[in-house]
Amino acid sequence: MVARSKPSLLDGAAIGKEGSPDEVIAGSAGWHVATADALDFAEALPDACAHAVWTDPPYCSGGYTESAKRQARGMITHKSVKSMGWFINDNMGSAGIVWLLRCVAVQAFRILVDGGSLGVFCDWRMVPLLAPALESSGLRWQGMVIWDKRAPALGTGFRRQHEVVLHFVKGTGVFHDASTGDVLNVSRLHHEARNHQTAKPPEVIERCLAVVAPPGGLVVDFFTGGGSTGVAARRLGMRFLGSEIDSRIAARAREAIRAQSTDARRVGKAHQLGLFDGE
Ligand SMILES: C[S@@+](CC[C@H](N)C(=O)[O-])C[C@H]1O[C@@H](n2cnc3c(N)ncnc32)[C@H](O)[C@@H]1O
């Protein structure tokens, strides 16, 4: 898909610029959000192009019960899923989402550079199902990051206050910041700050990306939603590619990423590192 052309200079203008996926991969543009199915989008990306795949798939981000999952219809449209009629017709339960995400992890393994990372937000219930399925893609399970929302949600008993990010690496992980622990204390977004029902605070993702990708590196999110991963990547002077199946939500993500300015210091560092000086 991509003819790799060497960009003359990765400057603030290039990293902040919306372009085609090919331009983003080549480094002559900073970001692109496609209205597309996750697996269709993933399959079109070249091998070893991304430093991190950081994603927040449907139903794995907390708050959904099995019965709520059973009520969901038509979220998944990829041809390989459609051919498995049981999946669509029986609605998406845990087995379905595990199957989909295992397919995504196989693609992540292919598109990540050696040492690159996959991060998947998920609900605690999914951990024992999802972790081995994702690891069977060839990626190695490196650990878990806990997002502590600093205040419990509604409910009884031990009211839920955290979400999990499962972290995998391709081979031996390459990391770019050693100052971050695996518990991130960040308040959940207030309603008025959200552009998506399950929006994550960009700060949570920003702190993760700073560890797993270099400035100027390429971050991919197959389930972009309102664009928090793109916003975080752009803040850090990283390139971003995202797919979102719902065109109205994809438009909101583009708006949010467009509105976010890029950290020029990070872009300068990427240039110093020679990230685009001929790979
Ligand atoms: C949990 S949300 C992501 C929220 C996002 N992290 C944010 O902070 O706004 C998951 C998103 O995946 C999208 N989605 C569901 N199935 C998809 C598929 N097969 N391909 C691409 N996107 C999909 C949904 O429309 C939803 O917006």
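Here, residue 1 is the first one in the sequence, and each next residue gets the next number.
No side-chain heavy atom of Thr224 sits less than 4.5 Å from a side-chain heavy atom of Thr229. Using a 4.5 Å heavy-atom cutoff, the side chains of Leu101 and Phe223 are in contact. Residues Ile146 and Val164 meet the side-chain proximity criterion, which asks for heavy atoms closer than 4.5 Å. Looking at Leu45 and Ile25, their side chains come closer than 4.5 Å, going by heavy atoms from C-beta outward. Counting only heavy atoms from C-beta outward, the side chains of Gln260 and Trp31 never approach each other to under 4.5 Å. Here the side chains of Val219 and His51 are not in contact, with every heavy-atom distance at 4.5 Å or above. Looking at Leu241 and Arg239, their side chains never come closer than 4.5 Å, going by heavy atoms from C-beta outward. Residues Leu39 and Leu100 have side chains in contact (heavy-atom distance under 4.5 Å, counting atoms from C-beta outward).
A distance of 8.5 Å separates CH2 of Trp147 from CD1 of Ile205, quoted to the nearest 0.5 Å. In this structure, CH2 on Trp124 lies 9.0 Å from NE2 on His162, to the nearest 0.5 angstrom. To the nearest 0.5 Å, the span separating CD on Glu163 from NZ on Lys149 amounts to 3.5 Å. Residue Lys17 holds its NZ atom at 13.0 Å from OG1 of Thr262, rounded to the nearest 0.5 Å. Between Leu134 atom CG and Arg140 atom CZ the span is 14.5 Å, to the nearest 0.5 Å. Rounded to the nearest 0.5 Å, atoms OG (Ser228) and CG (Asn195) are 6.5 Å apart.
Judged by distance alone, the side chain of Arg234 and the main-chain N or O of Ile257 form a donor-acceptor pair under 3.5 Å. For the pair Thr35 (side chain) and Ala250 (backbone), a donor-acceptor distance under 3.5 Å is absent. Proximity of a side-chain donor or acceptor of Arg252 to a complementary backbone N or O of Glu255 within less than 3.5 Å is not detected. Judged by distance alone, the side chain of Ser137 and the main-chain N or O of Arg102 form no donor-acceptor pair under 3.5 Å. The backbone N or O of Asp148 sits nowhere less than 3.5 Å from a side-chain atom of Gln161 that would complete a donor-acceptor pair. At distances below 3.5 Å, at least one donor-acceptor pair connects side-chain atoms of Lys170 with backbone N or O atoms of Leu112. In this structure a side-chain-to-backbone donor-acceptor pair under 3.5 Å is present from His32 to Gly19.
Placement of Val186 and Phe121 within a single hydrophobic cluster is found when ILVMFWY residues are connected by side-chain heavy-atom separations under 4.5 Å, directly or transitively. Cluster membership check: Val98 shares its hydrophobic cluster with Phe109, using side-chain heavy-atom separations under 4.5 Å among Ile, Leu, Val, Met, Phe, Trp and Tyr. No single ILVMFWY cluster, assembled from side-chain heavy atoms under 4.5 Å apart, contains both Val113 and Val211. Leu189 and Trp54 fall into different hydrophobic clusters, where Ile, Leu, Val, Met, Phe, Trp and Tyr residues are linked whenever their side-chain heavy atoms come under 4.5 Å apart, directly or through other members. Linking ILVMFWY residues whenever their side-chain heavy atoms come closer than 4.5 Å, directly or via other members, places Met144 and Leu139 in the same cluster.
Of all the heavy atoms in Phe222 and Thr55, the pair that sits closest is N-OG1, 3.5 Å. For the residue pair Ala105 and Leu118, the shortest heavy atom distance occurs at CB-CD2, 4.1 Å. Residues Arg125 and Arg160 share a closest heavy-atom pair of NH1-NH2, 3.6 Å. Closest approach of Cys122 and Val127 over heavy atoms only: SG-CG2, 3.9 Å. Between Gly237 and Val267, the shortest heavy-atom distance links the atoms CA-CG2, 4.0 Å. In plain terms, the two heavy atoms of Val53 and Ala108 that are nearest each other are CG2-CB, 4.0 Å.
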Apply side chain to side chain contact (heavy atoms under 4.5 Å, CB included) to residues Cys208 and Leu184 and explain how you reach the verdict. CA-CA 9 Å; Cys208 296; Leu184 305 177; 3.8 Å; yes
Requested in this report: Evaluate the side chain to side chain contact (heavy atoms under 4.5 Å, CB included) criterion for residues Phe240 and Val24: first the C-alpha distance (whole Å), next the side-chain angles of each, then the deciding distance (0.1 Å), finally the verdict.
Outcome: CA-CA 7 Å; Phe240 176 72; Val24 175; over 6 Å; no
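No more than 12 heavy atoms of other residues, nucleotides or ligands lie within 6.0 Å of CZ in Arg248, so this atom counts as exposed by the packing criterion.
By the side-chain hydrogen bond (donor to acceptor under 3.5 Å, both in side chains) test, Arg150 is found to be paired with no residue, residues two or more places apart in sequence or in another chain being considered. Residues passing the side-chain hydrogen bond (donor to acceptor under 3.5 Å, both in side chains) test with Ser117 are His167, sequence neighbours excluded.
Under the 3.5 Å distance criterion, with hydrogens and angles disregarded, a donor-acceptor pair is assigned to the side chains of Asp177 and Ser179.
Screening residues 204-220 for salt bridge (Lys or Arg N to Asp or Glu O under 4.0 Å) gives Glu203-Arg207, Glu206-Arg235 as the qualifying pairs, with residues at least two apart or on separate chains.
Between Phe168 and Trp141, the ring planes are parallel. Angles under 30° get that label, and only those over 60° would be called perpendicular.
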